[in-house]
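Here is the structure we will look at, set down as structure tokens.
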Amino acid sequence: MCRKLVVTNQIFLGTRAICYEAYSLPKREVVELTEKQIKDALKGITTDEIYGLALSDAGELVFDTENFFTVNMMKKVHTNTLIPMVEDDCLANLFYIVLGTHKEKGKLVYDVISSRYERTSFTEEKIKTLLDMHIISAGARMNGDAIEVAPLEKPKALTENNEVAPNQYKTKIV
């Protein structure tokens, strides 16, 4: 079974990282994954598709800035306590991740989830404001004056003849 999992938070026990939380599409449920489970999925060992993290050249988990535009993530360090992993330019205690778009009353709106798993939709103006304030941590970025939304489809791997390999996903190594 192939699941699309958007990594939202990293969970800590004191100073020790123990797992990650991910939002499962389309089931709309929260799943906890170990670092090994995420690495296996990114390597193609499992059929799960992971969005938000990638593997570095050294085999470590890093933000997927290339394909899913992840610039930050929340970490849970205590009960009901979320803080940004990268605190340089953000004082927020809540992040949003853009999952896609749809039309409402003829206008384009953006589907988002929060790091506390609120599901909602925002207008283009609100998304631009949240991007400017660094409160959107993944799924969208500014491309000039337009908002670029990350696709929730992994590109297929190519064979030597530039044909799509069956059931193989290409993972961008950052």
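Keep in mind that what you see is a predicted model, and the values were worked out from it rather than measured. Positions are given from 1, in the same order as the sequence printed here. Heavy atoms only: backbone and side chains are in, while hydrogens, waters and symmetry mates are out.
Under the 4.5 angstrom side-chain criterion for Ile, Leu, Val, Met, Phe, Trp and Tyr, the cluster partners of Ile11 are Leu13, Ile18. Members clustered with Ile45: none, using a 4.5 Å side-chain heavy-atom cutoff among hydrophobic residues.
Contact check for Phe95 versus Ile136: no side-chain heavy atoms found under the 4.5 Å cut-off. Counting heavy atoms from C-beta outward, Cys2 and Glu49 have side chains that approach closer than 4.5 Å. Using a 4.5 Å heavy-atom threshold, the side chains of Arg3 and Val31 count as touching. In this structure the side chain of Glu124 reaches within 4.5 angstrom of the side chain of Ile147, judged on heavy atoms. Taking the side chain as every heavy atom from C-beta outward, Glu60 and Leu55 never approach each other to under 4.5 Å. Using a 4.5 Å cut-off on side-chain heavy atoms (C-beta onward), Leu53 and Phe63 make contact. Looking only at side-chain heavy atoms (C-beta outward), Leu82 and Asn9 come within less than 4.5 Å of each other. A heavy-atom distance below 4.5 Å is not found between the side chains of Thr101 and Val109.
If you take OG on Ser137 and CE on Met85, they are separated by 11.0 Å, rounding to the nearest 0.5 Å. Atom CG in Leu94 sits 6.5 Å away from atom CZ in Arg116 (nearest 0.5 Å).
Here Glu32 pairs with nothing under the salt bridge (charged side-chain N to carboxylate O under 4.0 Å, His left out) rule; sequence neighbours left out. Every residue meeting the ring pair (Phe, Tyr, Trp, His ring centres under 6.0 Å) condition with Tyr96, not counting sequence neighbours, appears here in chain and number order: Phe122. Residues satisfying the side-chain contact (heavy atoms from CB on, under 4.5 Å) criterion with Lys36, sequence neighbours excluded, are Thr34, Asp40. Judged as a side-chain contact (heavy atoms from CB on, under 4.5 Å), and not counting sequence neighbours, the contacts of Phe68 are Val6, Tyr51, Asp64, Thr70, Ile97, Ala138, Ala150, Leu152. Every side-chain contact (heavy atoms from CB on, under 4.5 Å) that Thr129 has, sequence neighbours left out, goes to Met133. Under the rule for a salt bridge (charged side-chain N to carboxylate O under 4.0 Å, His left out), Glu29 has no partner lying at least two apart in sequence or in another chain. For Val77, the side-chain contact (heavy atoms from CB on, under 4.5 Å) partners are Phe12, Lys75, Thr81, Ile83, not counting sequence neighbours. Judged as a side-chain hydrogen bond (donor to acceptor under 3.5 Å, both in side chains), and not counting sequence neighbours, Thr120 has no contacts.
Of the possible polar contacts, one joining the Ser114 side chain to the Glu118 backbone as a donor-acceptor pair under 3.5 Å is found.
A side-chain donor-acceptor contact under 3.5 Å links Ser121 and Asp111.
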Which is it for Leu61 and Ile38 under the side-chain contact (heavy atoms from CB on, under 4.5 Å) test, yes or no, and what are the steps along the way? CA-CA 8 Å; Leu61 291 177; Ile38 292 174; 3.8 Å; yes
Hey, mind stepping through Gln37 and Tyr20 against side chain to side chain donor-acceptor pair (under 3.5 Å) and telling me if it holds? CA-CA 10 Å; Gln37 288 173 308; Tyr20 289 87; over 6 Å; no
Passes side-chain contact (heavy atoms from CB on, under 4.5 Å), Glu153 versus Lys4? Steps please. CA-CA 9 Å; Glu153 294 295 325; Lys4 293 182 184 215; 2.6 Å; yes
Step by step, work out the side-chain contact (heavy atoms from CB on, under 4.5 Å) result for Arg28 and Tyr117. CA-CA 9 Å; Arg28 297 181 173 184; Tyr117 301 104; over 6 Å; no
Does Tyr110 form a side chain to side chain donor-acceptor pair (under 3.5 Å) with Thr123? I'd like the steps, not just the answer. CA-CA 6 Å; Tyr110 295 80; Thr123 64; over 6 Å; no
Any chance you could lay out the side-chain contact (heavy atoms from CB on, under 4.5 Å) test for Val86 and Val71, step after step, and finish with the verdict? CA-CA 8 Å; Val86 180; Val71 293; over 6 Å; no
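Between Arg119 and Ile113 the shortest heavy-atom distance is CG-CG2, 3.7 Å. Looking at every heavy atom in both residues, Met73 comes nearest to Gln10 through SD-N, 4.3 Å.
Among residue pairs with one or both ends in residues 132-141, those qualifying as salt bridge (Lys or Arg N to Asp or Glu O under 4.0 Å) are Arg141-Glu148; sequence neighbours excluded. A salt bridge (Lys or Arg N to Asp or Glu O under 4.0 Å) check over residues 98-108, counting only residues at least two apart or in different chains, returns nothing.
In this structure, Phe69 is not a member of the same hydrophobic cluster as Leu131, with clusters built from ILVMFWY side-chain heavy atoms closer than 4.5 Å.
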